[in-house]
2 protein chains.
Amino acid sequence: MSVPFDVLAEPARRRILDLLLERPRSVGELTERLALTQPGTSKHLRVLREAGLVTVRREAQRRWYELRPEPLAEIDAWLAPYRRLWAASLDALEAHLDSQADEMTEQEDVT
Amino acid sequence: MSVPFDVLAEPARRRILDLLLERPRSVGELTERLALTQPGTSKHLRVLREAGLVTVRREAQRRWYELRPEPLAEIDAWLAPYRRLWAASLDALEAHLDSQADEMTEQEDVT
DNA sequence: CGGGCATATAACCGAAGCAGTATGTTGAGG
DNA sequence: CCTCAACATACTGCTTCGGTTATATGCCCG
């Protein structure tokens with residue numbers, strides 16, 4: 001579970017990261033937005049913490065969880081050699097759509 | 001499980017994709033390299049197939065599995081907003097290392 | 001110092017995932 | 001046809017995971 005891939009397999013954890021992308025948040029706040037129980041949220045946060053994807057700052061009883069994106073680089077690195085492949089097919093799609101657009105401007109009356 | 005994130009949570013499946021990155025391969029070949037049983041390999045391939053990450057081409061009794069990277073774009077898309085964040089910290093690291101390198105060239109005798 | 005708030009940890013349960021064994025399926029070749 | 005080769009599917013046991021309820025911890029405040 002300590003690998004970023006496993007951590008991100010859980011939708012709730014991806015949502016947490018998405019929420020932290022905007023700004024640091026408290027457990028209560030996250031719990032509310034996730035529609036989970038508080039212990040459930042805490043459990044996911046623990047996993048994220050142990051994977052190094054978040055850090056905690058204590059303030060009285062409140063704990064502010066904060067994003068730490070570095071471990072995501074591992075995923076990005078794995079993804080890298082594949083990126084050019086689907087990029088190529090997307091380019092092909094774009095080219096296709098572009099040529100269609102061209103045809104349409106040439107005809108000028110395709111409803 | 002149909003989401004790319006879940007599919008990639010399994011190390012064996014990532015290895016399969018890595019192997020298919022080089023060229024299409026038969027089930028037997030993959031089984032050998034993964035040190036799995038043949039049914040185990042077939043099972044992972046089924047998951048990859050259902051997620052659209054591989055396609056099959058039949059040739060007599062042999063089946064050639066082939067990479068289909070498009071679904072990985074979903075992961076890449078999710079990753080996108082985070083990329084600039086860790087990129088920033090990596091830049092900072094680079095800058096730091098660069099400045100160290102500078103210092104070293106200035107001194108010229110750091111063993 | 002006692003009570004309440006915010007959060008963490010523990011204990012428990014059901015569901016799902018993975019690996020392995022056994023068996024089914026399809027095509028080639030004698 | 002019969003058999004073998006390559007692969008898929010079925011079934012089973014085990015482990016792990018995610019969610020919930022119950023309880024512990026730490027801190028502020030009256």
Side-chain angles (χ1 to χ4, degrees), chain A residues 1-20 22-68 71 75 78, chain B residues 1-20 23-68 71 74-75 78:
Chain A
M1 169 71 66
S2 68
V3 179
F5 282 100
D6 302 83
V7 176
L8 294 187
E10 176 58 47
R13 289 195 285 262
R14 291 199 299 275
R15 282 219 60 209
I16 291 180
L17 293 184
D18 286 341
L19 288 169
L20 295 184
E22 193 179 337
R23 58 183 166 82
R25 311 213 186 223
S26 71
V27 179
E29 203 179 339
L30 291 171
T31 300
E32 189 181 342
R33 307 240 177 179
L34 295 175
L36 266 183
T37 59
Q38 174 265 312
T41 306
S42 281
K43 229 167 151 187
H44 285 305
L45 286 171
R46 182 200 241 277
V47 174
L48 289 167
R49 218 188 317 138
E50 289 176 348
L53 280 162
V54 299
T55 58
V56 206
R57 183 167 39 96
R58 321 181 46 154
E59 175 186 314
Q61 312 96 322
R62 209 157 261 143
R63 316 217 169 164
W64 295 96
Y65 278 84
E66 182 160 356
L67 184 62
R68 188 175 165 273
I75 295 185
W78 182 85
Chain B
M1 170 70 68
S2 67
V3 179
F5 282 100
D6 302 82
V7 176
L8 294 187
E10 177 58 48
R13 288 196 285 261
R14 291 198 298 274
R15 282 220 59 212
I16 290 180
L17 293 184
D18 287 339
L19 288 169
L20 296 184
R23 56 183 168 81
R25 312 211 187 227
S26 71
V27 179
E29 203 179 337
L30 291 170
T31 300
E32 189 181 343
R33 308 239 176 179
L34 295 176
L36 267 182
T37 60
Q38 174 263 313
T41 306
S42 281
K43 226 167 153 189
H44 285 305
L45 286 171
R46 180 199 240 278
V47 175
L48 289 167
R49 217 186 319 137
E50 289 176 346
L53 280 161
V54 299
T55 57
V56 206
R57 181 167 40 97
R58 320 182 48 155
E59 174 185 314
Q61 311 96 325
R62 209 158 261 143
R63 316 219 169 161
W64 295 97
Y65 278 86
E66 181 159 355
L67 185 62
R68 188 175 164 273
E74 182 177 332
I75 295 185
W78 182 87

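Naming: A, B, ... by sequence-line order, numbering from 1 per chain. Being a predicted model, the structure only gives us computed values, none of them experimental.
- Within residues 23-31 of chain B, no residue is approached by DNA chain C to less than 4.0 Å at the level of any non-hydrogen atom.
- A:S26 OG to A:W64 CH2: the interatomic distance, rounded to the nearest 0.5 Å, is 5.0 Å.
- For the pair B:R62 and D:dA5, the criterion of a side-chain N or O lying under 4.0 Å from OP1 or OP2 is not met.
- Using a cut-off of 4.0 Å between Lys/Arg side-chain N and Asp/Glu carboxylate O, A:K43 and A:E10 are scored as not salt-bridged.
- Chain B approaches DNA chain C within less than 4.0 angstrom (heavy atoms of the protein), and the contacting nucleotides run 5' to 3' from C:dG17 to C:dA28.
- Rounding to the nearest 0.5 Å places CG of B:L20 at 7.0 Å from CZ of B:R25.
- Taking all atoms of both residues into account, the shortest heavy-atom contact from A:M1 to A:R13 is SD-NH2, 3.9 Å.
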Base versus backbone protein contacts along nucleotides 18-30 of chain D [heavy-atom cut-off under 4.0 Å; B, S, -]: BBBBB---BBS--
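- Here the closest non-hydrogen pair linking A:L34 and A:L19 is CD2-CD1, 4.3 Å.
- Within the structure, a side-chain polar atom (N or O) of B:Y65 is placed less than 4.0 Å from OP1 or OP2 of D:dA8.
- To the nearest 0.5 Å, the span separating CD1 on A:I16 from CG on A:L30 amounts to 6.0 Å.
- Taking all atoms of both residues into account, the shortest heavy-atom contact from A:P71 to A:P4 is O-CG, 3.7 Å.
- Across all their heavy atoms, B:R68 and B:G52 have their closest contact at NH1-O, 2.6 Å.
- When all heavy atoms are compared, the tightest approach of B:V56 to B:Y65 is CG2-CE2, 3.6 Å.
- Nearest approach of A:A9 to B:D6, heavy atoms of both residues: O-OD2, 3.5 Å.
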